Amino acid sequence: MKKYNPAKIEPKWQKFWEKNPKLYAAEDGSRKRKFYCLSMFPYPSGEGLHVGHAESYTATDIYARMKRMQGFNVLYPIGWDAFGLPAENYAIKIKTHPAESTEKSIKNYTRQLNALGLSYDWSREIDSSSPEYYRFTQWFFLLLYKQGLAYRQKARANWCPSCRTTLANEQVVAGRCERCESLVIQKKLDQWFFKITKYADQLLADLVKVDWPESIKEIQRNWIGRSRGMELIFELKKVTSKEEKFFSDSEKNNLEIAAKLQNIPTAARVKVFTTRPDTIFGATFMVLAPDGESLKQLYKLAANKNKIKAYRLGALRKNEMQRTQLNREKTGIPLRGLIAVNPVSGRPIPVWVGDYVMGDYGSGAIMAVPAHDERDFEFAMRHNLPVERVIYQEKKYWAFLNLSFLRNSRKVLETLKDRYPLQALNIIGKGYRVSPVKTQKSKLPYGIAVEMNGANEVGEYIKIIQPELKANFWSEIAGGKYLQFVFAKEVVRDNSEEEKKKLQHCLKNAVKLLSGRNSFDPRLNLVKKVIGEKDFYADYIFWTIPVTALRAAVCYAEKSGRVFNSPLINGVSVEKGWERICKWARERNIGRGIVNYRLRDWLVSRQRYWGAPIPIIYCAKCGTVPVPEKDLPVELPREVDFVPTGESPLKNLKSFYQTKCPKCGGEARREVDTMDTFVCSSWYYYRYLDPKNDKEFAGQDKIRRFMPVDLYVGGVEHAVLHLLYSRFFTKFLRDTGYVDFPEPFLKLRNQGIVLGPDHNKMSKSKGNVINPDQIIAELGADTLRLYEMFMGPLEEMKPWDPKGIMGVRRFLEKVWEMQGKVQSVKHAPYFDTRYKVQSQESGDTVNNNLKIKKILHQTIKKVTDDIEALAFNTAISQMMILVNEWRAEKEIDRSEFELFLRILAPFAPHLAEEIWEELGNKNSIFAAEWPRPQEKFLVTDEVTLVVQINGKKRDAIKISPNITEAEAKKIVLALPRIKDYLGGKILRRWVYIPGKIVNIVT
RNA sequence: GCCGGAGUGGCGGAAUUGGUAGACGCGAGGGACUUAAAAUCCCUUGGGUGAAUAACCCGUGUGGGUUCGAGUCCCACCUUCGGCACCA
């Protein structure tokens, strides 16, 4: 027998398949059930295919091959995402025209894909950079334009200084360009957008209809970012600086203020968006985004225009520079000359401009509720604005304890740690950083927050703390409606005036002490206020809280709890308060419930060369005119200096931009920007259905036959790019009547990243890149395919093991050598590759080994099920078990071996074809039917019954699965080992799970 | 910070509805063949006590719980990967 030589047999079969394209072609007129199996189409980069690609492609290939053998009409196509930045950047790097380098890359990719033995239907190959393709990309643009879903707008856009083009939100990852990782800046430019936001709700809701990984769904949900809230109108009054001062003093009598406010005419109205209308009484100031719509309108009314202008410019510049910087300080300045009125309480609230408010979300204005929103709280602390609690937790209390206030802080910490949930607090900037409490030897935190449930726990806490407090120091407890101070016993003995004075003295000293530190303790403001208070008890101060610095306790987005300090809704739950305020505002026509989304419209203009030109013409007379459909495609000219300058390279090409207006025939200019490459990839899966059609993007009959995609495999990186855009396109096509289904991809799976042998991400600089070409040359494509599938679950991240691949290579060699043991009995039926399942088990088998038969049929079942579930790794291990068993045999039954070859074929197609042929079959193995396991070989006549005593395995017996419980009990109790164990003990309980386990409890 | 996924031998990873934890592969150790090596084949391989392939104990990130029985279910926590991150 010849040696297994993949270098010889693999090209042989690749050539054979190329000559027999019908084996893999989808049939347009077939009556068979369709199956659309798809891998995300690659962009042909100069680097060539990597092992990650190979994993995704092998997975879909195996699936497609099995489905074909099972009699499905399988559509399994391939094409090229040829436009776009990577291709263009690569072309610039090697100083070749992108069309040329792309063509070269496509050739290389094609070679590599074929070398992998992938069963694509090459007759449907597409290339998104060909005019035949992008004329329909342009057609889609026009369709969107006609529907009002493509629009041009001057707006601040993400700009990558290195790629010199704008980017969609989705292409900015953590403030950096998705491609080159440069910091993205903001630029104001005229740009084309697709109105994907129109579908925000559907894109969110329809996620339940698809079988996708939960993680991807979650990413999309986050990205769409739906939040239900309320839009509220605040009136603004123009005030003199004197009036402003008067109204800003929150201590003033409410009625007096309200009356005075009402007398001032309303100068403007501002809409704010809030998700917490229940906290409206705690809204103590308003903040406008520096770049928002609201400020734009109010700006002219401000008394300090210049300052605001300066701040605004500063904020915009800062956005450019520091967008990525985390924990930015919340800067802001007051807007003078205007005061807002809380529409519900009638209370005057100051208006600020602050860059922590987003200009393009809601109306760019918020009502700030510092007591119950962390960000508002930070801003309030920084700018000394009032904080007012309006929500309390009925039973939750929080204590703050400065550890330097204690005599023995370590001891106290240990005591508290056992009793309460604790958090360590350290001062960072103007707030606290919360962290877990560390063990003994580490440095003690500045302070701790103690969580307590109910008054009893508070009482216990006080008992622990009081004796340990140094004289003149305290711990404060927040919870319910009050803030309480615990002092050392000797400080305050009773409620006399004298004692109060003593207490105030303590606090004053403390202020000095805290101020003397170089870091700012946020509680300082609080303590200062307390000093002025008079109404307190002997050893605690009870005080309705106007402010607290205990962030963990008070500044909490309390989603549960009750409302207080809110005349209209006092005492009701948060949910009820929400409803009531909403109703109240609706009745007065000053607000309504609305839904806001984080999703922004899709910016599709690119100031680059290598993309589909936007089919729009600008005419001095007629304005923006779409290119008539009959003039498509607007061809991308070949001879262009495409090195990016920041403006479209087409801008300098007169022969391109100079044109006639399709409406009036006058002089006009073409749009010179090109489309985002993700526009091309948003519809490519439709083009496969009908790639040669020059009338439509795809014929209706074809769409009906093959869509939607049944199985789609690709990388997670497209979660909010390609996958979201494609869903948008399909929904839009449905609304325009081109398709009748809501989702393009029914089942989606992500392949995990293949790491280098060193468990690091493969990268040239790390020198850990595995090149599939090299693997194929050394070990063969079948080995590569099998190993990629055997490494681990498809979706998991897993390292490449150069030694591990030898294991699967050995397996294939074993399979190869098994040929020699196959009994060459000459009987006709075997030579007919189309023979039916019934004949598979014929009487003239040379080997009637039942054990092998059972394992074989188990393997058929498991491999079928596992491919269906994309659990290729376990399918392979099952085949290994079978082969290991077979190798112990002297002879191998030919029909049985052929059944095995068929289930192995999708994994190792070349080897399977070769052996299949060696065995005398004339047809391709892929024309054979997929085997079905025979039930009679799946039933077991002997099972292992494990015998446990008190949950511990003590013995195991082989018995018939049909045995009755009584019989089993008799056998088990007669086992010598079990007898020994039981001794004379009483059998308390007998648990019997037929065919599995017995548990005897004594 | 919020949301989602994941923690199992030296390594990649297996384990229906809770029912023999560690399949399969790699690596390692021992042996056969060989002048020798590679390749190949055979045996062993979670940890511990033991002369033992006798027996027992411990073991699926940590601590609790439910159960006759927990990798699997519940509670709390730790670690890690990924997404969002001033989105009000």
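Model, not experiment: these values are computed from the prediction. Residue numbers start from 1 in every chain, and the chains themselves are labelled A, B, ... in the order their sequence lines are given, proteins ahead of strands.
Under a 3.5 Å cut-off, the side chain of Tyr4(A) and the backbone N or O of Lys814(A) do not form any donor-acceptor pair. A donor-acceptor contact shorter than 3.5 Å links the side chain of Lys798(A) to the backbone of Glu796(A). The closest donor-acceptor contact from the side chain of Gln220(A) to the backbone of Val720(A) lies at 3.5 Å or more, if one exists at all.
Rounded to whole angstrom, the span from the CZ atom of Arg809(A) across to the P atom of U40(B) amounts to 10 Å. Tyr787(A) places its OH atom 11 Å from the P atom of G12(B), with the value rounded to the nearest Å.
Aromatic ring pairs are classed by plane angle as parallel below 30°, tilted from 30° to 60° and perpendicular above 60°; the pair Phe379(A) and Trp352(A) is perpendicular.
Salt-bridge formation is detected for the pair Arg749(A)/Glu795(A): a Lys NZ or Arg NE/NH1/NH2 atom is positioned less than 4.0 Å from an Asp or Glu carboxylate oxygen.
G4(B) shows a glycosidic angle more than 90° from 0 and is accordingly assigned anti.
Cation-pi geometry between Arg887(A) and Trp816(A) is not met: the NZ or CZ atom fails to fall both under 6.0 Å from the ring centre and inside 45° of the normal. Relative to the six-membered ring of Trp223(A), Arg600(A) misses at least one condition, a distance below 6.0 Å or an angle of at most 45° to the axis.
If you check G13(B), C3(B), A88(B) against the side chain of Glu796(A), the one that comes closest is G13(B). Checking C84(B), C68(B), A55(B) against the side-chain heavy atoms of Arg977(A) singles out A55(B) as nearest. In this structure, of A85(B), C86(B), C68(B), it is A85(B) that holds the atom nearest to the side chain of Arg598(A). Residue Met358(A) places its side chain closer to A88(B) than to any other of A88(B), G12(B), C3(B).
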Atom pairs under 3.5 Å, N or O on each side, protein against nucleotides 42-48 of chain B: can you list them with distances?
none

RNA chain B base-pair string [pairs: Watson-Crick or G-U under 3.5 Å; |: paired with another strand]: (((((((..(((......[....)))((((((.......))))))((((.....))))..(((((..]....))))))))))))....
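A close approach under 4.0 Å does occur between a side-chain nitrogen or oxygen of Arg954(A) and OP1 or OP2 of C57(B). Contact annotation: Tyr361(A) side-chain N/O to A88(B) OP1/OP2 distance is under 4.0 Å.
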Letter per nucleotide, 5' to 3', of nucleotides 19-26 of chain B [B base touched, S only sugar-phosphate touched, - untouched; heavy atoms, 4.0 Å]: BB--BBSS
